[in-house]
There are 2 protein chains.
Amino acid sequence: MPGRPYHHGNLRSALLAAAERTVRERGVQDLSLRELARDVGVSHGAPRRHFPDRQALLDALAETGFDRLGDELRTAVDAVGDDFEARLRATAVAYIRFATADPALLDLMFAVKHREQAEHLQQAAERAFSVMLEVILQGQAEGRLEPGDPERVGLVLFATIQGIAALLNGGMVVPEQLDELLDDSIAHFLRGSRTAV
Amino acid sequence: MPGRPYHHGNLRSALLAAAERTVRERGVQDLSLRELARDVGVSHGAPRRHFPDRQALLDALAETGFDRLGDELRTAVDAVGDDFEARLRATAVAYIRFATADPALLDLMFAVKHREQAEHLQQAAERAFSVMLEVILQGQAEGRLEPGDPERVGLVLFATIQGIAALLNGGMVVPEQLDELLDDSIAHFLRGSRTAV
DNA sequence: ACCTGAACACCGTTCAAGT
DNA sequence: ACCTGAACACCGTTCAAGT
C-alpha cells in the first residue's frame, strides 16, 4: 500500500463515509464538498468524477441510508422471535432509533425531489419498508389486523411512527415520553384495526 | 412616502416576507441573506441590525410560521361548527394543508436546536398546538376519548397527522391517498381511544 | 480513467465609516 | 439608531491540463 498514490482507489466510498459522519455530527447544511475532499486527502475537484454536484452526493447518502435502515429493521425483527406484536414493536423501535440517531440523514431520505427519476433510491426505500409490510401481512394472516391492501393498513402505523420520530427530533416530545407514546400508538393501532369494517 | 430613503423603515418585516417567499418557492438551502438584501433594496450588511446571523432569520421565520399555523388551525376549527369529530378532522386537514403548502417552513419549525433558549418560539408553538388540545378536551368531555392527561391522549393523533404530512412531502404517499389515509387514521384514533384502559 | 489546480461567481460575517 | 461598502475566508462549479 503506497503512501499517497495519485489514484485514491476508493474515493467514492471514502467520500460517502466522511459525508455520512459529517451529516450525523453537524447536519447537512455543514456538509462541504471541499472540506470532504480535504479530509479524504484529495483535491477539491476530484469528487466531481464520482458526484457531479453536491445534490448527487446527498442522493447517494439517502440511498445508503435506506439500505442501512432496511438492514436495521430486518435485524430487529429477526431478533425478536415470531410473535406478531413483538415484531410490530421491534420494527417501530428500530425505526425510531434510526431516525433519532441520525435525524439529518432521515431528512435527506425524505427530501428527494425527483423520486421518480431516482430509480435506485426508490428501490432502496421499498426494500427498507418491505420489512414493515411483512409484519403487517403476518398480522392480517393471524387475524390481528383488518384484511385488505396491506400497504393501506400499514400506512397509518407508518405515519404514526414517522411522526413520533419527528416529534422527538423536534424536541416536542422528550425521550422520557417515548415508551408511553409508543405503547399508546401500538395499542391504538391494534384496537383500531381489529374489528374494523 | 419618499422614493428611496436612507432608512428602510420596516426592513425587518420586509426581509421576513421576502424570506418566507423564497423558503416556500425554493427551500431553505436557497435562502441567501445577500439576495434578500438585494431584493429588498438594501446593502448586504443591513440585515445584520435585525438578524445577527442567518440562523436568527431562520428562527424568526419559524416563529411566524407557528403564528400562522395557529391562526389557520383556529380558523379551520371555528368554521366547522361544534361537532367533535368534524372539528377533529378540520384540525387535521388544516395542519396537513399547512405542512404540504410550505414543507420547508415546517422543517424549519421542527428544526430548532435550542428549543429551551428560544422562549418566544416555544410560546408560539404552544399557542398553535393549543387549538388541537382544545379539541381533545372536547372529545374527553363528550366521552368520545379516554380520560387522562389530554396532552398524552392527543399526542398519538398529533404524531399521526405529522407523519402523514411527512409522507406526503416525501412523496411516499400521493395526494390521491390522502383522504383515505386520513379517514383511516381518525377512525383508528377514535376506535382506539373510546373504551381504553 | 482519474485527479490537479487555477478561475469564476457566489456566500456569510465583520467592522469602520457614513447619515 | 440604522445603513453602506470594503475586506476576509469560505463555498460550488467548471475545465484545461497533468498522470
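Below, chains carry the letters A, B, ... as their sequence lines are ordered, and counting in each starts from 1.
- Distance L57(A) CG to dG12(D) C1': 12 Å, rounded to the nearest Å.
- Applying the 6.0 Å contact sphere to CZ of R24(A) captures more than 12 heavy atoms from other residues, nucleotides or ligands.
- In this structure, the CD atom of Q55(B) is 13 Å from the P atom of dG12(C), given to the nearest Å.
- Across the protein-nucleic acid pair, N10(A) atom CG and dC3(C) atom C1' stand 14 Å apart, rounded to whole Å.
- Distances were taken from every side-chain heavy atom of S43(B) (C-beta onward) to each of dG5(D), dT4(C), dC2(D); the shortest belongs to dG5(D).
- Look at CG on D53(B): it is 11 Å from P on dG12(C), rounded to the nearest Å.
- Shown here are the side chain to side chain donor-acceptor pair (under 3.5 Å) partners of D30(B), two or more places apart in sequence or in another chain: there are none.
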Polar atom pairs (N or O), protein with nucleotides 7-11 of chain D, under 3.5 Å:
from	atom 1	to	atom 2	distance (Å)
dC11(D)	OP1	R38(A)	NH2	3.1
dC11(D)	OP2	R38(A)	NH1	3.4
dC11(D)	O5'	S32(A)	OG	3.2

Let me check something: any side-chain donor-acceptor pairs from residues 66-73 of chain B under 3.5 Å, sequence neighbours excluded? List them with distances.
from	atom 1	to	atom 2	distance (Å)
D67(B)	OD1	R127(B)	NH2	2.9
R68(B)	NE	E20(B)	OE2	3.2
R68(B)	NH1	E72(B)	OE2	3.1
R68(B)	NH2	E20(B)	OE2	3.4
R68(B)	NH2	D102(B)	OD2	3.2

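- Side chain of Q29(A) to main chain of R26(A): a donor-acceptor pair is present (N/O by atom type, distance under 3.5 Å, no hydrogens or angles).
- Applying the side-chain contact (heavy atoms from CB on, under 4.5 Å) rule to V135(A) yields the partners V77(A), F84(A), R87(A), L88(A), T91(A); only residues at least two apart in sequence or on another chain are considered.
- Between the CZ atom of R12(B) and the P atom of dA1(D) there is a distance of 18 Å, rounded to whole Å.
- For DNA chain D, each stem of at least three Watson-Crick or G-U pairs (distances under 3.5 Å) is given as range with range: C:4-8 with D:12-16, C:12-16 with D:4-8.
- Residue L58(A) contributes atom CG, which lies 10 Å from atom P of dG12(D) at whole-angstrom precision.
- The side chain to side chain donor-acceptor pair (under 3.5 Å) test applied to D184(A) returns R152(B), not counting sequence neighbours.
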Give the C-alpha distance, both sets of side-chain angles, the deciding distance and a yes or no for side chain to side chain contact (heavy atoms under 4.5 Å, CB included) between L58(A) and L31(A). CA-CA 10 Å; L58(A) 297 184; L31(A) 185 74; 3.6 Å; yes

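- The closest side-chain heavy-atom distance from Q123(B) to E119(B) is below 4.5 Å.
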